[in-house]
Amino acid sequence: MQSSTKKSVLTLLFLGVISAISAPTSAPKVVLTNDDGWATAQIRAQYNALTAAGFNVILSAPADNRSGSSSFTAPAIPLIFPCEFDSCPAGSPAQGFNATDTRINYVNAFPVDAARYGIQTLSPQFFSSPPDVLISGPNIGANVGSSIFASGTIGAACEGSRNSGITSLAFSGQSTTAESYTNLDVSTSSTIQSAVEYASATTAFIQKLFGTPSSPLLPTGIILNINYPSLTFPSNGSSCSSAQQFQYVFTRALPALPFVNDVNICNYSGNLPLEATVSSAEGKCLGSITVLDNTLKLDVGADTQKAVLDRLSGAGIPLVCYS
Ligand SMILES: *[C@@H]1O[C@H](CO)[C@@H](O)[C@H](O)[C@H]1NC(C)=O
Ligand SMILES: *[C@@H]1O[C@H](CO)[C@@H](O)[C@H](O)[C@H]1NC(C)=O
Ligand SMILES: *[C@@H]1O[C@H](CO)[C@@H](O)[C@H](O)[C@H]1NC(C)=O
Ligand SMILES: *[C@@H]1O[C@H](CO)[C@@H](O)[C@H](O)[C@H]1NC(C)=O
């Protein structure tokens with residue numbers, strides 16, 4: 001290689017690194033939220049993975065665990081007790097941020113309020129515009145079937161999609177428990193390893209959507225509910241242990257009413273498989289993708305399913321049939 005060519009290749013690599021670090025205005029803008037709280041390992045792993053991949057990310061999540069709070073909303077109030085895992089002292093203001101990285105924010109209210117704060121207050125400050133996408137999760141534990149009505153993860157995604165018109169996706173992972181983000185650097189627990197794998201899967205999913213541009217990013221009026229399979233560490237060869245092994249099945253949340261047919265794929269007899277069945281299938285390493293109405297939180301009709309399915313296959317999401 002001639003030295004001038006070498007130099008320009010190095011310059012390109014260097015510019016690539018710089019652009020990944022400084023997240024230029026052209027990078028997709030993401031608001032990241034959850035219902036388990038701003039200081040969990042899962043949401044920080046997700047923040048780190050998206051940021052490292054070059055996304056322009058703001059984290060806005062509850063100050064403590066608000067799991068199961070559905071679409072509840074309330075004005076944020078100052079902290080009576082410390083934030084979860086002592087991540088802020090009692091008496092802290094209703095909204096706060098990490099002093100060394102001001103993109104990491106808490107809101108002392110519900111997931112819906114944290115999502116709204118990220119979209120309406122923080123996005124104008126950091127992006128000078130609305131975000132391109134809202135990511136809720138990955139949640140600690142599955143959000144499948146009727147549990148989606150109680151889920152704060154789903155509640156926050158519906159808030160982003162319904163009230164702000166932002167493409168919103170909810171992610172959940174089964175094999176995790178509550179751990180502090182401070183364990184990320186020091187622990188190899190299965191929760192920490194799972195948090196890193198789930199974060200990597202979410203990042204790959206979002207990269208695929210932005211890699212094949214479409215306006216809007218997904219059809220409107222919906223959210224996606226994505227459930228990751230359970231992971232096993234250490235891996236024994238046949239178990240699921242890496243995000244790179246994940247494939248996805250297009251699913252529904254609740255059993256269909258009589259005479260209701262889903263999008264016609266895979267020779268399923270009338271209806272898609274249930275997300276609860278698919279995401280808990282042993283040894284298959286399958287994630288489930290369900291399209292939910294952003295207001296009713298119910299499965300959408302076959303036409304909307306088809307529009308979303310076409311978009312996801314077009315973006316190269318690895319979809320497979322379930323049997
Ligand atoms: C704030 O960020 C710094 C640097 O990333 C980290 O060391 C610290 O633990 C964080 N604190 C909280 C409460 O997020
Ligand atoms: C939050 O609470 C739920 C159930 O109450 C629990 O399953 C989850 O692990 C908790 N999360 C955290 C971060 O404490
Ligand atoms: C590997 O681990 C999975 C999940 O724990 C288990 O179901 C399977 O039987 C194991 N396989 C072997 C070959 O040990
Ligand atoms: C559906 O069934 C038909 C007829 O048995 C078969 O030719 C086709 O390959 C099947 N498609 C899928 C996706 O399994």
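In listed order, ligands and their atoms are each counted from 1. Source: prediction; values computed, not measured.
Applying the side-chain hydrogen bond (donor to acceptor under 3.5 Å, both in side chains) rule to Ser269 yields no partners; only residues at least two apart in sequence or on another chain are considered. Residues forming a ring-ring contact (aromatic ring centres under 6.0 Å, His included) with Tyr268 (at least two apart in sequence, or on another chain): none.
Listed by atom number, the atoms of ligand 2 under 4.0 Å from Asn65 heavy atoms are 1 (C), 2 (O), 3 (C), 8 (C), 10 (C), 11 (N), 12 (C), 14 (O). Against a heavy-atom cut-off of under 4.0 Å, Ala178 is close to the following atoms of ligand 2: 9 (O), 11 (N), 12 (C), 13 (C), 14 (O). If you number the atoms of ligand 2 from 1 as listed, the ones under 4.0 Å from a heavy atom of Ser67 come out as 1 (C), 2 (O), 3 (C).
A donor-acceptor pair under 3.5 Å is absent between the side-chain atoms of Gln120 and the main chain of Tyr117, judged by distance alone. Side-chain N or O atoms of Ser87 include one that pairs as donor or acceptor with a backbone N or O of Glu84 at under 3.5 Å. Checking side-chain atoms of Ser279 against main-chain N and O of Asn227 turns up no donor-acceptor pair under 3.5 Å.
Note on residues 144-174: pairs passing ring-ring contact (aromatic ring centres under 6.0 Å, His included), not counting sequence neighbours, are Phe171-Phe205, Phe171-Tyr228.
When each of Thr182, Ile104, Asn183 is checked for a side-chain contact (heavy atoms from CB on, under 4.5 Å) with Arg44, only Ile104 meets the rule.
Contacts between Thr40 and ligand 2 below 4.0 angstrom, taking non-hydrogen atoms only, involve the side chain exclusively.
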Pairs of nitrogen or oxygen atoms, one from ligand 1 and one from the protein, closer than 3.5 Å: please tabulate them with distances.
unit_1: ligand 1; atom_1: 2 (O); unit_2: Asn98; atom_2: OD1; d: 3.0
unit_1: ligand 1; atom_1: 2 (O); unit_2: Asn98; atom_2: ND2; d: 2.4
unit_1: ligand 1; atom_1: 2 (O); unit_2: Thr100; atom_2: OG1; d: 3.1
unit_1: ligand 1; atom_1: 9 (O); unit_2: Tyr181; atom_2: OH; d: 2.6
unit_1: ligand 1; atom_1: 11 (N); unit_2: Asn98; atom_2: ND2; d: 2.9
unit_1: ligand 1; atom_1: 11 (N); unit_2: Tyr181; atom_2: OH; d: 2.9
unit_1: ligand 1; atom_1: 14 (O); unit_2: Arg44; atom_2: NH1; d: 2.9
unit_1: ligand 1; atom_1: 14 (O); unit_2: Arg44; atom_2: NH2; d: 3.0
unit_1: ligand 1; atom_1: 14 (O); unit_2: Asn98; atom_2: ND2; d: 2.8
unit_1: ligand 1; atom_1: 14 (O); unit_2: Tyr181; atom_2: OH; d: 3.4

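By the 4.5 Å heavy-atom criterion applied to side chains, Leu134 and Thr33 are counted as neighbours.
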